[in-house]
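A short worksheet on the structure shown next.
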Amino acid sequence: MALNVFDNDEYRPPVWKSYLYQLQQEAPHPRRVTCTCEVENRPKYYGREYHGMISREEADQLLSVAEGSYLIRESQRQPGTYTLALRFGNQTRNFRLYYDGKHFVGEKRFESIHDLVTDGLITLYIETKAAEYIAKMTINPIYEHVGYTTLNCEPAPKRHTQLSPVLRDVPDEREPLGDEGSLEERLTSLVRRATLKETDRAPKYEKVHNFKVHTFRGPHWCEYCANFMWGLIAQGVKCADCGLNVHKQCSKMVPNDCKPDLKHVKKVYSCDLTTLVKAHNSKRPMVVDMCIREIESRGLQSEGIYRISGFSDLIEDTKLTFDRDGEKADISMNVYEDINIITGALKLYFRDLPIPVITYDAYPRFIEAAKLTDPDERLEALHEALKLLPPAHHETLRYLMAHLKRVTQNEKDNLMNAENLGIVFGPTLMRAPDLDAMTALNDIRHQRQVVETLIKNEDILF
């Protein structure tokens, strides 16, 4: 599939800044100072760089031979603790050294002392030489010009150019693209975002990036500030949902505009609701739409709908089908004859959400509303509480309540009214945030009242 980008007036490939990369190349290399004699009681996870219980002065003299020299000694003040002594900037620096299966002096953990020292020398060198530069590198970020701000603008109709010449214009400092795999797989997340277009049907839900500390193999540049991501491991953070790579300090500046990529979102169940709908470019989770369509086509008059449980193994099978096939999952009568399997799969989806449909933040306001005895005041309080829900959560709840209202309209056949459905869906749609067992137990009655009121007044509240 050919991918296009906008004209130069609307999109320009980033110019990756090489200053920090050059500094990393200039950083001192580690030089192990070995102990010439056998040291008793040497920890098995240290090598010949261990010198036993020597003083700071002795370590300083041994390390004076060259920049980047290092050794490990046992502390004289606190026997049984170990110190990494490192020569940098013509002085010896001492760091308390720990081991828990990996070596560390701070947050980063390393397989070997050599890697720890290499990373430390790079960090010390760059942060010494470029402290002012690093402090200012979030100013004038490239992200504003090639990120979602460009994507969300209404582009004027212009001539489109092929993507491949644009990619060739990226400076050689960027890690070279591999020869294998499709063109789309080889794009950085930043360029991928710039080439994507929003469809007319997809709402623009706001989503926070799901940043995780990440170790990049080979040179990588920050997709917010365009500067090199220095170090040997854990050089920055990567969004687990869209693949955006940035410095840890830059991650605090990135807007809440994550657009999840399906190659990062591996499952349907247990996936954050907003993440799923943005990844699939839809208003609501596809599992909600598909299950409700199937239920309304053949289950509205089924006695005990939602109250009667389906066979648990088949419900789990439905979950696996959605996780594997997504929108192509087959949940028709030909596969699952018992409609209670589909209702069970829908309820399981809501229970498995990491953040419930009625979010933890909004939960107290809904419970407070349920406690109000005046019907009008309760409706007004619920109306205000609904405003606290993220857009994707609000839309999903609206759609579900409209469906459950239609279920109650068939009460003569299915024997399910709003109160019964409130009992079923109260604990499913809202969970108490870290409350003690007794408080959580008392809240069950109010959870039922919330859902019951939402169903009965669906046309007013939404």
Side-chain angles (χ1 to χ4, degrees), residues 268-270 273 284-322 329-353 356-358 363 366-367 369-371 378 382 393 396-432 437 440-459 461-462:
V268 173
Y269 280 68
S270 302
L273 193 152
R284 297 172 297 275
M286 102 285 286
V287 62
V288 175
D289 282 5
M290 292 174 65
C291 286
I292 286 178
R293 280 200 300 269
E294 191 67 25
I295 293 163
E296 296 202 350
S297 70
R298 60 185 175 99
L300 285 181
Q301 297 178 337
S302 177
E303 184 175 332
I305 189 76
Y306 285 116
R307 178 178 57 80
I308 297 176
S309 299
F311 188 45
S312 59
D313 284 356
L314 290 178
I315 292 174
E316 187 66 24
D317 182 69
T318 310
K319 169 185 173 179
L320 296 175
T321 300
F322 273 114
D330 185 358
I331 58 171
S332 66
M333 182 181 287
N334 295 332
V335 181
Y336 302 107
E337 185 176 355
D338 183 3
I339 195 62
N340 296 311
I341 302 300
I342 310 303
T343 60
L346 180 60
K347 289 185 291 183
L348 179 61
Y349 170 75
F350 289 128
R351 286 198 301 272
D352 277 0
L353 284 172
V357 175
I358 294 177
Y363 180 91
F366 279 89
I367 295 298
K371 293 178 179 178
R378 179 184 292 181
L382 282 175
H393 287 243
T396 301
L397 186 62
R398 180 201 67 77
Y399 189 74
L400 177 63
M401 292 302 109
H403 162 65
L404 295 180
K405 184 74 169 284
R406 290 189 287 274
V407 172
T408 64
Q409 290 168 354
N410 289 270
E411 179 187 353
K412 184 178 178 181
D413 296 305
N414 60 38
L415 306 180
M416 293 298 288
N417 57 28
E419 182 179 357
N420 294 335
L421 291 170
I423 293 171
V424 172
F425 277 94
T428 302
L429 298 177
M430 51 196 304
R431 299 194 292 273
L441 191 62
N442 291 334
D443 277 359
I444 291 177
R445 176 167 60 94
H446 302 305
Q447 292 170 356
R448 172 188 62 78
Q449 290 171 333
V450 167
V451 175
E452 180 182 349
T453 306
L454 289 176
I455 295 172
K456 288 180 176 178
N457 300 278
E458 165 268 331
D459 54 338
L461 291 171
F462 295 95

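Summarising the geometry, atom CG belonging to Leu314 is positioned 4.5 Å from atom CD1 belonging to Ile341; distances are rounded to the nearest 0.5 Å. Here the CG-CG distance, from Leu454 to Leu421, works out to 12.0 Å after rounding to the nearest 0.5 Å. Atom-to-atom distance recorded for Arg284:CZ and Ile292:CD1 is 8.0 Å, nearest 0.5 angstrom. Between atom CD of residue Glu303 and atom CG of residue Leu415 there is a gap of 4.5 Å, rounded to the nearest 0.5 Å. A distance of 10.0 Å separates CG of Leu397 from CE of Met430, quoted to the nearest 0.5 Å. If you take OG on Ser297 and CE on Met333, they are separated by 7.5 Å, rounding to the nearest 0.5 Å.
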Any chance you could lay out the side-chain contact (heavy atoms from CB on, under 4.5 Å) test for Asp443 and Tyr363, step after step, and finish with the verdict?
CA-CA 10 Å; Asp443 277 359; Tyr363 180 91; 2.8 Å; yes

Evaluate the side-chain contact (heavy atoms from CB on, under 4.5 Å) criterion for residues Asp352 and Lys319: first the C-alpha distance (whole Å), next the side-chain angles of each, then the deciding distance (0.1 Å), finally the verdict.
CA-CA 10 Å; Asp352 277 0; Lys319 169 185 173 179; 3.3 Å; yes

Let me see the working for Val451 and Leu429 under side-chain contact (heavy atoms from CB on, under 4.5 Å), right down to the final yes or no.
CA-CA 8 Å; Val451 175; Leu429 298 177; 4.3 Å; yes

Walk me through it: do Met401 and Leu461 pass the test side-chain contact (heavy atoms from CB on, under 4.5 Å)?
CA-CA 10 Å; Met401 292 302 109; Leu461 291 171; over 6 Å; no

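Seen from the ring of Phe462, Arg398 does not count as a face-on cation partner, given the 6.0 Å and 45° thresholds.
The nearest pair of heavy atoms linking Leu346 to Tyr269 is N-OH, 4.4 Å. Taking all atoms of both residues into account, the shortest heavy-atom contact from Ala370 to His446 is CB-O, 3.6 Å. Heavy atoms only, all atoms of each residue included: Pro285 and Leu273 are closest at CG-CG, 3.8 Å. When all heavy atoms of Thr343 and Ile305 are compared, the pair lying nearest together is CG2-CD1, 3.5 Å. Contact record, Thr321 with Asp330: CG2-N, 4.2 Å, taken as the closest heavy-atom pair. Here the closest non-hydrogen pair linking Ser302 and Ile339 is OG-CG2, 3.8 Å.
Asn420 pairs by the side chain to side chain contact (heavy atoms under 4.5 Å, CB included) definition with Met416, Asn417, not counting sequence neighbours.
No side-chain heavy atom of Gln447 sits under 4.5 Å from any side-chain heavy atom of Thr428. The side-chain heavy atoms of Phe425 and Ile455, taken from C-beta on, include no pair separated by under 4.5 Å.
Within 6.0 Å of the CD atom in Gln409, the count of heavy atoms belonging to other residues, nucleotides or ligands exceeds 12.
Ring orientation note: the planes of His403 and Tyr306 are nearly perpendicular, at an angle over 60° on the 30°/60° scale.
Side chain to side chain, Asp317 and Tyr336 meet the donor-acceptor criterion of an N or O pair below 3.5 Å.
The closest donor-acceptor contact from the side chain of Asn414 to the backbone of Val407 lies under 3.5 Å. The backbone N or O of Glu337 sits less than 3.5 Å from a side-chain atom of Arg298, completing a donor-acceptor pair.
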